[in-house]
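Throughout, numbering of the chain's residues begins at 1 and tracks the sequence.
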Amino acid sequence: MRAIRVATNGGPEVLELGEVEVPEPGPGQLLVDVAAAGVNFIDTYQRSGLYSMQLPFTPGSEGAGEIVAVGPDVDGFAVGERVAWAMAPGSYAEKALVPASSVVKVPDGVASDVAAAAMLQGMTAHYLINSTHEVKTGETVLVHAAAGGMGLLLTQLIKSRGANVIGTVSTDEKERLAREAGADEIIRYTQADVAAEVRDLTDGRGVDVVYDGVGKSTFEASMASLRPRGTLVLFGASSGPVPPVDPQRLNSGGSLFLTRPSLGHHLLNREELDWRAGDVFNWIASGAITIRIGGTYPLTDARKAHEDLEGRRTTGKLLIIP
């Protein structure tokens, strides 16, 4: 079968398409024909070596497809069923071995490509607004990169809670998408002082919470945008890692809260996985959220997918279609 392989860490050029043996599912594993694989910033971190992986490896931690073989000691799954997953490596391939413990069934009302596009970012948005900071009616929230896959999801979900959204974007098209998702106010981060604009929009108070998946280039503005006892949720670092921070800054900024969560720590058991994925699929099927697929790429164009993602030339979610 064909698969993308990374033999050495580096830029998108290290993504190589090759032929590998079709694996056999072992105990607790499923072999799945991959219909679509999600492209995420964590893939670029692993490719570059920012997140350590044993080399060589096949990137891609999110996908959806049809089960073609079931390993020993697996209950509740059968050949022919459609499933989706996140936090399981090896999805940039025609077939993937996935732990059954990481897999959920895709309901009939959700297409496979939409399921692949929704798993990682959908469940991340779920824990961010439910577990990291429970968004409440009347709160004001700052969402960075509001037209990205995560930003569009967060904006829709925050608005469904009755809260107000201030989104940051860089272009007219991205502003249009963020407003369509429900953003109340938009700040062009390339043209304005984000923190100053936030203060103007909130009558000097600041926002209750900032959801920041950008990291290095937005961190200072995020800190300066919070109200006293506000929360900065740093859930990603697409612009690079944030330098060390003196905890005294949290005090001087107004007894602020800073957290760096990850999806893995919010999927500690089957109950959490079923809760989060189940809610995401229900939101999609009911029309409560719309998943925007911003681009699809064949395996041969995996490098371009990474280049487009890292170059911030995209909106919505990117998929690789084997």
Side-chain angles (χ1 to χ4, degrees), residues 41-42 120-146 148-169 178 181-187 189 193-268 272 275-276 279:
F41 273 103
I42 190 172
L120 192 146
Q121 291 179 338
M123 291 194 295
T124 296
H126 188 283
Y127 85 72
L128 289 175
I129 68 164
N130 285 291
S131 304
T132 305
H133 174 91
E134 187 177 0
V135 174
K136 300 178 181 64
T137 299
E139 289 188 328
T140 301
V141 180
L142 177 63
V143 177
H144 284 297
M150 271 301 307
L152 292 173
L153 278 174
L154 279 170
T155 298
Q156 293 176 77
L157 292 173
I158 291 165
K159 290 303 298 179
S160 74
R161 294 284 179 89
N164 302 306
V165 175
I166 302 172
T168 68
V169 301
D184 300 279
E185 303 287 350
I186 292 294
I187 298 172
Y189 67 83
D193 182 323
V194 171
E197 290 289 313
V198 166
R199 294 293 169 183
D200 286 344
L201 292 169
T202 59
D203 296 325
R205 176 179 179 269
V207 297
D208 297 280
V209 59
V210 179
Y211 289 114
D212 188 343
V214 179
K216 183 178 180 179
S217 66
T218 52
F219 182 79
E220 293 297 331
S222 296
M223 291 277 283
S225 296
L226 289 166
R227 66 161 172 82
R229 301 202 305 271
T231 301
L232 170 50
V233 182
L234 184 69
F235 65 91
S238 62
S239 68
V242 174
V245 178
D246 181 354
Q248 175 59 24
R249 289 195 57 198
L250 303 176
N251 176 30
S252 62
S255 295
L256 305 177
F257 295 88
L258 170 64
T259 182
R260 178 57 174 93
S262 65
L263 179 59
H265 296 133
H266 292 82
L267 297 175
L268 295 180
E272 281 196 321
W275 170 40
R276 300 194 194 281
D279 278 359

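Qualifying side chain to side chain contact (heavy atoms under 4.5 Å, CB included) partners for D184, counting only residues two or more places apart in sequence or in other chains: K159, N164, V165. Take A221 and apply the side chain to side chain contact (heavy atoms under 4.5 Å, CB included) test, not counting sequence neighbours, and it matches V194. With sequence neighbours left out, the side-chain hydrogen bond (donor to acceptor under 3.5 Å, both in side chains) criterion links T168 to H144. For R199, there are no side-chain hydrogen bond (donor to acceptor under 3.5 Å, both in side chains) partners, not counting sequence neighbours. For E185, the side chain to side chain contact (heavy atoms under 4.5 Å, CB included) partners two or more places apart in sequence, or in a different chain, are I166, L201. Every residue was checked against the side-chain hydrogen bond (donor to acceptor under 3.5 Å, both in side chains) condition with T124, not counting sequence neighbours, and none meets it. Residues that satisfy the side-chain hydrogen bond (donor to acceptor under 3.5 Å, both in side chains) test with S160, not counting sequence neighbours, are absent from this structure. In this view, R205 and D208 satisfy the salt bridge (Lys or Arg N to Asp or Glu O under 4.0 Å) rule, not counting sequence neighbours.
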Name every donor-acceptor pair, under 3.5 Å, that has one atom in a side chain of residues 252-259 and the other anywhere in the protein, sequence neighbours excluded.
from, atom 1, to, atom 2, distance (Å)
S252, OG, Q248, O, 3.4
S252, OG, R249, O, 3.2

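For the pair D279 and M123, the minimum side-chain heavy-atom distance is 4.5 Å or more.
Although no hydrogens or angles enter the test, the distance criterion places no donor-acceptor pair under 3.5 Å between the side chain of Y211 and the main chain of L154. The closest donor-acceptor contact from the side chain of S225 to the backbone of G206 lies at 3.5 Å or more, if one exists at all. A donor-acceptor pair is defined here as one N or O able to donate and one able to accept, closer than 3.5 Å; no such pair exists between the side chain of E197 and the backbone of D193.
Applying the ring-ring contact (aromatic ring centres under 6.0 Å, His included) test to residues at least two apart or on different chains, the pairs with a partner in residues 121-143 are H126-W275, H126-W283, Y127-H266. Listed by first and then second residue, the salt bridge (charged side-chain N to carboxylate O under 4.0 Å, His left out) pairs involving residues 129-140 amount to none (not counting sequence neighbours). Applying the side chain to side chain donor-acceptor pair (under 3.5 Å) test to pairs two or more places apart or on separate chains, those with a residue in residues 230-246 are S217-S239.
Nearest heavy-atom pair, A183 versus T155, reported as atom, atom and distance to 0.1 Å: N-CG2, 3.5 Å. Residues T137 and R161 approach most closely at OG1-O, 2.9 Å, considering heavy atoms. Contact record, V242 with V245: CG1-CG2, 4.2 Å, taken as the closest heavy-atom pair. Minimum interatomic distance between V143 and G151 (heavy atoms only, all atoms of both residues): CG1-CA, 4.0 Å. Contact record, L234 with P261: O-CD, 3.5 Å, taken as the closest heavy-atom pair. Considering every non-hydrogen atom in both L152 and A181, the closest pair reads CD2-CB, 3.9 Å.
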Under the criterion side chain to side chain contact (heavy atoms under 4.5 Å, CB included), I'd like the reasoning laid out for R227 against T202: C-alpha separation, chi angles, the key distance, then a yes or no.
CA-CA 10 Å; R227 66 161 172 82; T202 59; over 6 Å; no

Chi angles and distances behind the side chain to side chain contact (heavy atoms under 4.5 Å, CB included) call for Y189, T218:
CA-CA 9 Å; Y189 67 83; T218 52; over 6 Å; no

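For the atom pair CG of L232 and CG of L250, the computed distance is 8.5 Å after rounding to the nearest 0.5 Å. One finds the CE atom of M150 at 11.5 Å from the CG atom of D212 (value rounded to the nearest 0.5 Å). For the atom pair CG of L157 and CG of L128, the computed distance is 10.0 Å after rounding to the nearest 0.5 Å. Going from atom OG of S131 over to atom CD of E272 covers 7.0 Å, rounded to the nearest 0.5 Å.
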